[in-house]
Amino acid sequence: ISQQSFPVLANIRRRCLSGVNGRWHQMVGVGLGVALCAVPVVEKQNSVSLSNDALIKRAVSLVTDSTSTLLSQTTYALIEALTEYTKAVYTLVSLYKQYASLLGKMNSEEVDAVWQVVIGARVDMTTKQQEYLRLESSWMTALRLSEMAAEAAYQSGADQASVTARSHVQLVKSQVQEVRQLSQKAETKLAEAQTEELIKAQGEESSLPQGILGSREAGEDPYLRED
């Protein structure tokens with residue numbers, strides 16, 4: 001049955017659909033309105049969390065964390081470099097003692113060979129010393145930054161961040177000091193070994209016959225003394 005055959009039914013259908021569409025748009029509009037009303041519009045957070053003091057405390061806490069990380073890394077590098085330097089110093093101490101014990105028991109060629117080993121060890125020690133001094137400069141910079149960050153945290157009222165930063169500074173200072181004491185002890189041993197070797201070398205020369213001593217003084221030293 002076509003709609004043309006029953007125009008009345010067609011009109012009724014159009015009116016019904018029109019009414020349904022109207023009610024549907026009204027329902028959609030009302031639904032969207034309710035949904036928008038249900039979502040809270042955050043215009044401003046808690047005034048305390050957004051206050052200048054709170055923002056400063058948060059920022060200074062980040063700064064103390066960053067400087068503490070830098071200080072930890074430079075401390076580790078410095079301790080490692082100081083340890084390597086100390087090992088090099090003790091190696092040189094051992095060589096000096098061995099050399100001193102062999103004085104008077106070696107010919108000139110053996111003296112040259114042993115002294116070349118000593119010179120090589122001294123070069124290695126000097127290289128490691130320069131490396132730890134370079135890292136020590138970086139460590140001192142990191143230390144000052146951490147101390148400044150701790151002070152800034154204290155001034156801003158971030159007490160926990162300040163206490164943590166200061167405790168970390170004291171910890172790394174004590175760690176570096178312990179390793180420094182070991183290196184200083186090694187340097188003292190080296191000075192003693194050099195003095196002992198020099199005294200023994202002079203004693204060996206004074207015990208040589210005059211003819212041999214004169215020929216040694218007239219000629220070049222069999223090795224280059226650097227101490």
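Applying the salt bridge (Lys or Arg N to Asp or Glu O under 4.0 Å) rule to pairs touching residues 168-178 yields Glu147-Lys173, sequence neighbours excluded. The ring-ring contact (aromatic ring centres under 6.0 Å, His included) contacts involving residues 139-190 comprise nothing, where partners must be two or more places apart or lie in separate chains.
Val60 and Leu62 fall into different hydrophobic clusters, defined by Ile, Leu, Val, Met, Phe, Trp and Tyr side-chain heavy atoms under 4.5 Å apart, directly or through other members. Put simply, Leu182 and Leu78 are part of two different groups of oily side chains (I, L, V, M, F, W, Y) that touch within less than 4.5 Å, one to the next. In the hydrophobic clustering of ILVMFWY residues, with side-chain heavy atoms under 4.5 Å counting as a link, Met140 and Leu71 come out together.
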Evaluation steps, side-chain contact (heavy atoms from CB on, under 4.5 Å), between Lys185 and Tyr90: CA-CA 10 Å; Lys185 183 178 179 180; Tyr90 273 116; 4.0 Å; yes
Derivation of the side-chain contact (heavy atoms from CB on, under 4.5 Å) call for Gln175 and Val172: CA-CA 5 Å; Gln175 290 174 338; Val172 298; 4.1 Å; yes
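Considering only residues two or more places apart in sequence or on other chains, Lys87 meets the salt bridge (Lys or Arg N to Asp or Glu O under 4.0 Å) condition with Glu84. Considering only residues two or more places apart in sequence or on other chains, Ser61 meets the side chain to side chain donor-acceptor pair (under 3.5 Å) condition with none of them. Annotation: salt bridge (Lys or Arg N to Asp or Glu O under 4.0 Å) contacts of Asp124 (sequence neighbours excluded): Lys128. Partners of Val179 under the side-chain contact (heavy atoms from CB on, under 4.5 Å) rule, at least two apart in sequence or in another chain, are Ile79, Leu82, Thr83. Among residues two or more places apart in sequence or in another chain, the salt bridge (Lys or Arg N to Asp or Glu O under 4.0 Å) test is passed with Lys97 by none. In this structure, Thr91 has no side chain to side chain donor-acceptor pair (under 3.5 Å) partners at least two apart in sequence or on a different chain. Residues satisfying the side-chain contact (heavy atoms from CB on, under 4.5 Å) test with Gln155, not counting sequence neighbours, are Glu151. Legend: residues meeting side-chain contact (heavy atoms from CB on, under 4.5 Å) with Gln177, ordered by chain and number and at least two apart, are Arg180, Gln181. Partners of Leu102 according to the side-chain contact (heavy atoms from CB on, under 4.5 Å) rule, which considers only residues two or more places apart in sequence or in another chain, are Met106.
Heavy-atom minimum distance, Leu95 versus Ala121: CD1-CB, 3.4 Å. For the pair Leu92 and Val118, the tightest heavy-atom approach, listed with the atom from each and the gap, is CD1-O, 3.6 Å.
Through direct or relayed side-chain contacts under 4.5 Å between Ile, Leu, Val, Met, Phe, Trp and Tyr, Leu70 connects to Leu145.
Relative ring orientation between Tyr96 and Trp115 is described as perpendicular, the plane-to-plane angle rising above 60° on a 0-90° scale split at 30° and 60°.
Checking side-chain atoms of Ser146 against main-chain N and O of Thr67 turns up a donor-acceptor pair under 3.5 Å. With hydrogens and angles disregarded, no donor-acceptor distance shorter than 3.5 Å links the side chain of Ser137 to the backbone of Leu133. Side chain of Ser167 to backbone of Val163: a donor-acceptor contact under 3.5 angstrom is found.
In summary, of the residues considered (Glu131, Gln130, Glu136), a side-chain hydrogen bond (donor to acceptor under 3.5 Å, both in side chains) with Arg134 occurs for Glu131 alone.
Residues Ser174 and Gln170 have side chains that never bring a donor and an acceptor to within less than 3.5 angstrom of each other.
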